[in-house]
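Read the structure below first, then the notes.
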Amino acid sequence: MAIKQPTIQHTAVQNGHPYFSTELLAWYRAQKRTLPWRKNHDPYRIWVSEIMLQQTRVDTVIPYYLTFMEKFPTVQALAEAPEEEVLKCWEGLGYYSRARNLQAGAKMVMELYDGIIPNDKEAVSGLKGVGPYTSGAIMSIAFNRPEPAVDGNVMRVLSRFFCLEEDIAKPATRAGIEKLAAALIPEGAAGDFNQALMELGALICTPKSPGCLTCPVMEECEGRLAGRELELPIKTKAKPPRQEYRAAALIWGNGENAGKLLVRQREGKGLLAGMWELPHLLLPPHAADWFAEEASKEQPELAEMLTVMVEQDTGQLIRPKGWLKDADHIFSHILWKMRVIECDLGEESTGIADEKNGAESKPEEAASKAAEALMAAAEEREDYVNHSAEEASKSLIPGGMVYRWIDREDMELLPFPNLFLRIIGETWERRGRGEAL
DNA sequence: AAACCGGGGGA
DNA sequence: TCCCCAGGTTT
């Protein structure tokens with residue numbers, strides 16, 4: 001029979017470590033930063049901050065947090081807001097499912113707990129978007145309950161102080177460190193102590209060049225005493241992101257849509273869920289060849305594929321004008337290599353959702369049928385697409401994708417991921433200088 | 001357990 | 001450039 005090894009072997013798991021806990025807590029209380037979410041212990045304010053701080057640095061979060069709290073000051077305000085407004089406030093922060101889950105959690109608090117975040121670990125853990133770290137953070141910081149809150153900082157600090165050599169990429173290691181972190185919490189000081197661990201990791205015990213000389217617990221740090229602080233924590237490396245080649249169309253409208261751009265909304269699940277984007281295609285792997293040659297920037301293949309896609313999706317016939325720019329975007333697990341083709345519309349194709357250009361005025365039979373189908377779909381899905389019938393009639397809905405003509409003001413209202421925001425923003429700059437189509 | 005989910009800043 | 005970040009959810 002195999003013997004099950006405990007993950008983290010250390011006496012501190014049983015006995016705690018008075019030196020470490022006392023010194024660290026004192027340091028934090030003397031040195032802690034003044035941060036917007038440290039004004040008070042309002043559980044909602046703590047909750048929002050902890051979600052924003054997932055995978056995101058303090059300095060990045062602060063302006064978003066201030067805007068968010070001003071716009072959604074209470075659980076109720078957040079629960080009742082249109083999702084698009086919430087996503088807009090999150091624009092540029094990334095990991096947009098955090099925003100969607102946070103609002104879903106707010107709705108749960110309204111329905112299940114009468115709008116009051118309960119002082120109950122199981123209840124908080126059950127909220128959408130709240131995992132082990134966040135529940136521990138909320139319980140300890142908002143309610144001062146002795147729960148561990150183990151994030152990357154805490155794993156680094158404890159790995160170094162106790163010279164732990166387990167791979168912190170493994171869930172079992174995290175579980176062990178959680179036990180250790182729980183045993184270290186000083187009586188009645190859970191909130192401050194957990195924040196102290198993270199503050200030390202953020203300010204002193206940093207990944208690359210830890211400031212051991214100014215560390216409040218350097219005297220008994222086993223990692224430093226062994227001269228191994230730079231080796232710890234041990235973490236297996238992630239796989240490199242896969243490459244995806246994509247072709248995007250930047251399409252100028254005409255007639256009533258002159259000066260506007262055609263964009264569409266991504267579906268509600270998966271990558272960049274619910275965000276808006278330029279219409280684009282995933283290309284086959286051999287597209288790498290097309291991207292390799294500078295000379296091929298006419299790109300007849302891409303132009304043709306984009307034309308077919310937009311025609312199928314919206315019934316509109318676009319006229320590709322030529323290469324605009326290439327743009328790379330790195331996600332944690334995918335590398336997008338995107339080639340943007342600038343297009344306009346043929347004279348005969350003037351906005352399918354425009355009532356003045358109804359089906360009868362269109363010579364092409366296919367386009368006519370597409371127009372009818374689109375209008376019908378727009379009516380059916382009016383509630384989902386937009387907030388008013390008028391807006392819905394302007395949306396083009398083919399295979400579930402919502403297309404829309406936007407001007408600059410629309411761009412201020414709709415949530416875009418940074419990569420598209422950049423491209424569209426630059427384009428309008430150029431147009432302002434008279435360089436665009 | 002591994003994959004999926006963004007974007008930015010530090011070194 | 002590379003690395004990592006105040007992680008959670010889905011498969």
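The figures here come from the full heavy-atom set of this structure, side chains too, leaving out hydrogens, waters and symmetry mates. Proteins come first, then strands; the chains are lettered A, B, ... in the order of their sequence lines, and each starts at number 1.
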With a 3.5 Å distance limit and no angle check, can you tell me whether A/Arg100 reaches the backbone of A/Leu87 through a side-chain donor-acceptor pair? no
Do any N or O atoms from the side chain of A/Ser135 and from the backbone of A/Pro132 form a donor-acceptor pair under 3.5 angstrom? yes
N/O (side chain, A/Thr134) to phosphate O (OP1/OP2, C/dG8) under 4.0 Å: yes
How about [X] and [Y]: does a side-chain donor come under 3.5 Å of a side-chain acceptor?
X	Y	result
A/Arg264	A/Thr314	no
A/Gln54	A/Thr134	yes
A/Glu50	A/Tyr133	yes
A/Trp276	A/Glu91	no
A/Gln195	A/Arg38	yes

Contact list please: residues 30-45 of chain A against DNA chain C, heavy atoms, distance less than 4.0 Å, in numerical order. A/Arg33, A/Leu35, A/Trp37, A/Arg38
Using whole Å, report how far [atom1] of [X] lies from [atom2] of [N].
X	N	atom1	atom2	answer
A/Asp167	C/dC4	CG	P	11 Å
A/Asn153	C/dC3	CG	C1'	14 Å
A/Ile168	B/dA1	CD1	C1'	16 Å
A/Leu335	C/dT1	CG	C1'	14 Å
A/Leu200	C/dC5	CG	P	14 Å
A/Lys170	B/dA3	NZ	P	12 Å
A/Arg156	C/dC3	CZ	P	15 Å
A/Leu53	C/dC5	CG	P	14 Å

Look at atom [atom1] of [X] and say whether more than 12 heavy atoms of other residues, nucleotides or ligands are closer to it than 6.0 Å.
X	atom1	result
A/Glu70	CD	no
A/Asp289	CG	yes
A/Leu413	CG	yes
A/Leu112	CG	yes

Sequence neighbours left out, what passes side chain to side chain contact (heavy atoms under 4.5 Å, CB included) with A/Ala104? Give chain and number order. A/Lys128
Below 3.5 Å is the cut-off: list the nitrogen or oxygen pairs between protein and nucleotides 9-11 of chain C, distance only.
| from | atom 1 | to | atom 2 | distance (Å) |
| --- | --- | --- | --- | --- |
| C/dT9 | OP1 | A/Gly129 | N | 2.8 |

Could you spell out the base pairing of DNA chain B as a dot-bracket line? Use Watson-Crick and G-U wobble contacts where both distances are under 3.5 Å, [ ] for crossing pairs, | for partners on a different strand. |||||.|||||
With A/Tyr245, which residues qualify under ring pair (Phe, Tyr, Trp, His ring centres under 6.0 Å), at least two apart? A/Phe291
Nucleic acid footprint by protein, nucleotides 4-11 of chain B - heavy-atom cut-off 4.0 Å, B for base, S for sugar-phosphate alone: SBBBB--S
Shortest non-hydrogen contact from A/Tyr95 to A/Ser332? OH-OG, 4.0 Å
Rounding to the closest angstrom, what is the interatomic distance between B/dG6 and C/dT11 at atom P? 15 Å
Separation of the P atoms in C/dA6 and B/dC5, to the nearest angstrom: 23 Å
Proximal nucleotide (of C/dC5, C/dA6, B/dA1) relative to the A/Asp151 side chain: C/dA6
